[in-house]
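Just so you know, these numbers come straight off a predicted model, no measurement behind them. Residue indices begin at 1 and follow the sequence shown.
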Amino acid sequence: VPVIKDKLSLQVAARRSYTDIIQTKLYKKIFNLYSEESESSQSPPPGGMRDFQTQEQIPSFYFYDLNSKLTYKINNKHSLFLSLYSGKDKLDNSKDAQTTAGFGGSSSTATSSTDISSWGNNGISSSWKANWNEKFNSMIFVSYSKYFSNRNQNNGSSDSSSSVSRSMNTLEDNNVEDISVRIRNQW
């Protein structure tokens, strides 16, 4: 989009999935296809505990990203560029279950599992291009980016026949940062 004709322009692109809000027929068809394949590849547990507990797990997830580029033409020989990127993915695979056992359902166990992962990238870059003459040009490029990956996993259970509760928690926080500088001369 030209902001100032032949001087300044801006480009922006953004998108986001919406499977965490709306599950379309296509989404359900793909999810069910995957679920049927995983169920057919699993064999029933040994012994007499078949169909003791059944859970249906439907994860919630989404992604978004944003790209933008600003171009400024100083004159016929010099131009400046600024680019931004941001993107994130999030997956929530948490679940709760209740199991009843014993004679007449005298004992029950509640289990909960929190499993939330997110990852993404943020970046910015800037460059200056100079056309010194028809045969010689230069470019200076500077960029910064940060990748992140986080996961919160917590598994807990409690038994109604005793006062015992169990919990195990794992937190992951991973980050990678990069700074780049590049100078290029071409003739």
Between [atom1] on residue [X] and [atom2] on residue [Y], distance to nearest 0.5 Å:
{"X": "Asn67", "Y": "Arg15", "atom1": "CG", "atom2": "CZ", "result": "8.0 Å"}
{"X": "Phe63", "Y": "Trp119", "atom1": "CZ", "atom2": "CH2", "result": "11.5 Å"}
{"X": "Leu8", "Y": "Ile74", "atom1": "CG", "atom2": "CD1", "result": "11.5 Å"}
{"X": "Ser118", "Y": "Lys88", "atom1": "OG", "atom2": "NZ", "result": "5.0 Å"}
{"X": "Ser117", "Y": "Asn152", "atom1": "OG", "atom2": "CG", "result": "9.0 Å"}
{"X": "Asn93", "Y": "Phe61", "atom1": "CG", "atom2": "CZ", "result": "10.5 Å"}

Check whether any side-chain heavy atom of [X] sits under 4.5 Å from a side-chain heavy atom of [Y], and report yes or no.
{"X": "Tyr72", "Y": "Ser79", "answer": "no"}
{"X": "Asn154", "Y": "Ser167", "answer": "yes"}
{"X": "Asn122", "Y": "Tyr147", "answer": "no"}
{"X": "Lys90", "Y": "Ile116", "answer": "yes"}
{"X": "Phe136", "Y": "Asn185", "answer": "yes"}

Does the pair Val12 and Leu66 meet the rule for a side chain to side chain contact (heavy atoms under 4.5 Å, CB included), with working shown?
CA-CA 7 Å; Val12 178; Leu66 170 71; 4.0 Å; yes
Please confirm whether Arg16 makes a cation-pi placement over Tyr62, using NZ or CZ under 6.0 Å from the six-membered ring centre and within 45° of the ring normal.
yes
Among residues at least two apart in sequence or on other chains, which ones pass salt bridge (Lys or Arg N to Asp or Glu O under 4.0 Å) with Arg184?
none
Any donor-acceptor N or O pair under 3.5 Å, side chains [X], [Y]:
{"X": "Ser86", "Y": "Asn121", "result": "no"}
{"X": "Asn175", "Y": "Asp173", "result": "yes"}
{"X": "Ser180", "Y": "Asp178", "result": "yes"}
{"X": "Ser113", "Y": "Asp115", "result": "no"}

Going only through I, L, V, M, F, W and Y residues with side-chain contacts under 4.5 Å, is there a path from Ile179 to Leu82?
yes
Verify side chain to side chain contact (heavy atoms under 4.5 Å, CB included) between Phe81 and Leu70, making sure each step is shown before the conclusion.
CA-CA 6 Å; Phe81 306 93; Leu70 184 68; over 6 Å; no
Has Lys129 got a side-chain atom pairing as donor or acceptor with Leu80's backbone, closer than 3.5 angstrom?
no
Determine yes or no for a side-chain-to-main-chain donor-acceptor pair under 3.5 angstrom, with Asn131 supplying the side chain and Asn133 the backbone.
no
For atom CG of Asn76, is the number of surrounding heavy atoms from other residues, nucleotides or ligands below 6.0 Å larger than 12?
no
Looking at Tyr18, I want to see if its OH is surrounded by more than 12 non-hydrogen atoms of other residues, nucleotides or ligands under 6.0 Å.
no
Does the plane of the ring in His78 sit parallel, tilted or perpendicular to the ring in Trp132? Use 30° and 60° as the thresholds.
perpendicular
Can you list the steps and then say if Trp128 with Met139 is a side chain to side chain contact (heavy atoms under 4.5 Å, CB included)?
CA-CA 6 Å; Trp128 166 63; Met139 181 176 266; over 6 Å; no
